[in-house]
Amino acid sequence: MVERGLQPDFPADALAELAAIDGPATPTDKVPRDLRALPWCSIDNDDSRDLDQLSVAQPADAGVRILVAIADVDALVKKGSAIDTHAATNTTSVYTAAGVFPMLPERLSTDLTSLGADEVRLALVVDMTVDGEGDVTTSDVYRAVVLNRAKLAYDSVAAWLEGAGPVPAPVAAVRGLDEQLRTQDDVAQRLKRRRHARGALGLETLAVRPVFDGGTLADLRPDRKNRAKELVENFMIAANVVTATFLSGHDVPSLRRVLRTPARWPRIVSLAASLGSALPATPDAAALDAFLVLRKRVDPARFADLSLAVIKLLGSGEYEVESPGAPVDGHFGLAVADYAHSTAPNRRFPDLVTQRLVKAALTGGPPPYAAGELAALAAHCTQQEDNAAKVERQVQKSAAALLLANRIGEAFDAVVTGASDKGTWARISGPTVEGRVVKGFEGLDVGDTVRVRLVRADATHGFIDFAREDAMR
């Protein structure tokens, strides 16, 4: 982390500030709405305690109101404070197999600024009415007081929604929450269908999570999408669009999340052609999504590999400043023009910046960040996001190298995930890891499938090296 410009530890002045905080931010007369009576719930990983969002569904005249409550982190973490300075340095929590390095001290992110179960908390609420077609017809953003009625976990909720498991105990314990969640799931699927009709990409990668057995790393297992994750994802995307539009409507500069039109579109076209599909010569998100839908249906077992190849070719997302009235790049993968990260202020600094901009717009006060300051933050957050991802990948490779240390010489089926002047990379499964192809990489490109042999596993440096099998004969 230090080599990448990230601070693994909190400085002394930040810890002193933390010690002086005696409890969560308390509601005042300036908070206009008391929404504690609503059946709010959170859905996250089983072990997550840094809870950023709650959701609830309410009937509306023309559709369903979806309310997303976002933790009011700014209520305790003030701009320019020592805790904020540390957060602005790292800009993100770093999640590794060796441990989590939170952006904010855990006493805040997992307690005082977390929307924990049965805790009264301040929040920003994104209030959206979604019609039968999945369009957001009206929206608003305001401050409120909320109370999380149930802390739920992705896997158990998904199993229940998909008919593969019983109703989770925390759902059964809250009267009417089962029907509430089914309504939320229905609306989330409407939002998803509408986004894809507009050209949003249906990508599905294989994220992995470490599995421990008595404190010993036992495996790196795929962490797949499910119905509950889709529910949260679709609500968060909609809330981020509403937030960006809200700031635009108030003539407030904002920090946008953009994914530019892919420069490597010709390679995506070539990849599709190798699988028997034709894509237009110029970038077309709707055509690409139709291709992805087809491939998921035809070859679901390899869809994650195809998704990863496409993601690599699309390039990385970036942060960019949007000034009132000025054009801004949209998000190619989501097929939206206005998008701002806003729903994870305990974990991502751009979301905390957005939160402060929204609160200033609500009061009519001056923006807390000047345009030049926002521009510098956009570049820094983009860079630190990349640095954090590199740290996470390196530690994951060290973890994988530990698991592979006794398997030198074994052969694996792999998919090429990167090909450039810096090297060629391929991913295997069992465990799900990526390594460098050090022999026989000539002619390989992203998306190619290849048979490789493991030739080195160095846990100290996180090195995993493969050789193309036919190059070893």
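- We find that Arg4 and Asp386 are not joined by a salt bridge, their nearest charged nitrogen and carboxylate oxygen being 4.0 Å or further apart.
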- Derivation and outcome, side chain to side chain contact (heavy atoms under 4.5 Å, CB included), residues Leu377 and Thr91: CA-CA 9 Å; Leu377 276 172; Thr91 78; over 6 Å; no

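- No side-chain N or O of Asp131 forms a donor-acceptor pair with one of Thr137 less than 3.5 Å apart.
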- Query: Going through the distances and angles, do Glu318 and Arg260 end up as a salt bridge (Lys or Arg N to Asp or Glu O under 4.0 Å)?
  - Reply: CA-CA 8 Å; Glu318 303 172 50; Arg260 304 181 196 282; 3.0 Å; yes

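- Side chains of Arg143 and Pro32 form a contact here, defined as non-hydrogen atoms less than 4.5 Å apart.
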- Query: When you look at Asp118 and Asn148, which way does the side-chain hydrogen bond (donor to acceptor under 3.5 Å, both in side chains) test go after all the steps?
  - Reply: CA-CA 5 Å; Asp118 303 317; Asn148 185 357; over 6 Å; no

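- Other residues, nucleotides and ligands place no more than 12 heavy atoms under 6.0 Å from the CD atom of Glu133.
- Between the CG atom in Asp74 and the CG atom in Leu357 there is a gap of 10.0 Å [rounded to 0.5 Å].
- The CG atom of Leu247 lies 8.5 Å from the CD atom of Glu322; values are rounded to the nearest 0.5 Å.
- We find the OG1-CG distance between Thr129 and Asp140 to be 10.0 Å, quoted to the nearest 0.5 Å.
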- Run the side chain to side chain contact (heavy atoms under 4.5 Å, CB included) check on Glu385 and Tyr319 step by step: do they pass? CA-CA 10 Å; Glu385 178 184 65; Tyr319 292 103; 3.9 Å; yes

- Task: Begin with the C-alpha distance, continue with both residues' side-chain angles, and end with the deciding distance and a verdict on salt bridge (Lys or Arg N to Asp or Glu O under 4.0 Å) for Arg198 and Asp135.
- Result: CA-CA 11 Å; Arg198 291 172 175 157; Asp135 286 314; 2.3 Å; yes

- Item | From CA spacing to verdict: side-chain hydrogen bond (donor to acceptor under 3.5 Å, both in side chains), Ser248, Arg256 | CA-CA 11 Å; Ser248 242; Arg256 297 298 182 92; 3.2 Å; yes

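- Ionic pairing of Asp185 and Arg182 is not present here: no N-O contact between side-chain nitrogen and carboxylate oxygen is shorter than 4.0 angstrom.
- Side-chain atoms of Val433 and Lys397, non-hydrogen and from C-beta on, never get closer than 4.5 Å to each other.
- Side chains of Leu15 and Pro11 form no contact here, defined as non-hydrogen atoms less than 4.5 Å apart.
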- Please report the C-alpha distance between Phe101 and Asp9 in whole Å, then the side-chain angles of each, then the deciding distance to 0.1 Å, and finally whether the side chain to side chain contact (heavy atoms under 4.5 Å, CB included) criterion is met. CA-CA 8 Å; Phe101 297 84; Asp9 301 307; 5.7 Å; no

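- Between Arg195 and Glu233 there is no salt bridge, since none of the side-chain N atoms of the basic residue sits less than 4.0 Å from a carboxylate O of the acidic one.
- Between Ala60 and Arg65, the shortest heavy-atom contact is CB-CG, 3.8 Å.
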- Item | Evaluation steps, salt bridge (Lys or Arg N to Asp or Glu O under 4.0 Å), between Asp111 and Arg121 | CA-CA 10 Å; Asp111 184 10; Arg121 292 289 185 263; 3.6 Å; yes

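- Residues Val232 and Tyr154 form a side-chain contact, since some pair of their non-hydrogen atoms from C-beta on lies under 4.5 Å apart.
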- Please walk me through it: do Arg393 and Glu434 pass salt bridge (Lys or Arg N to Asp or Glu O under 4.0 Å)? CA-CA 9 Å; Arg393 285 197 298 268; Glu434 192 177 57; 5.1 Å; no

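- Taking the charged nitrogens against the carboxylate oxygens, Lys192 and Glu230 do have a contact shorter than 4.0 Å, which makes a salt bridge.
- The closest side-chain donor-acceptor pair between Ser114 and Asp50, if any, does not fall under 3.5 angstrom.
- Rounded to the nearest 0.5 Å, atoms CD1 (Ile70) and CD (Gln355) are 7.5 Å apart.
- Using a 4.5 Å cut-off on side-chain heavy atoms (C-beta onward), Val446 and Leu271 make no contact.
- At least one side-chain heavy atom of Leu67 sits less than 4.5 Å from a side-chain heavy atom of Leu35.
- Aromatic ring orientation, Phe246 versus His250: tilted (interplanar angle from 30° to 60°).
- Within the 4.5 Å cutoff, no side-chain heavy atoms of Arg257 are placed close to those of Pro350.
- Between the side chains of Asn240 and Ser342, at least one donor-acceptor pair of N or O atoms lies under 3.5 Å.
- By the 4.5 Å heavy-atom criterion applied to side chains, Val241 and Val136 are not counted as neighbours.
- Rounding to the nearest 0.5 Å gives a distance of 14.0 Å between NZ of Lys229 and CG of Asn234.
- In summary, Asp84 and Arg356 engage in a salt bridge, as defined by a charged side-chain N under 4.0 Å from a carboxylate O.
- Neither side chain, Gln189 nor Asp186, offers a donor N or O lying under 3.5 Å from an acceptor on the other.
- Here OG of Ser156 is found 9.5 Å from CG of Asn226. Values are rounded to the nearest 0.5 Å.
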- Which is it for Glu392 and Gln396 under the side-chain hydrogen bond (donor to acceptor under 3.5 Å, both in side chains) test, yes or no, and what are the steps along the way? CA-CA 6 Å; Glu392 291 168 354; Gln396 182 175 308; over 6 Å; no

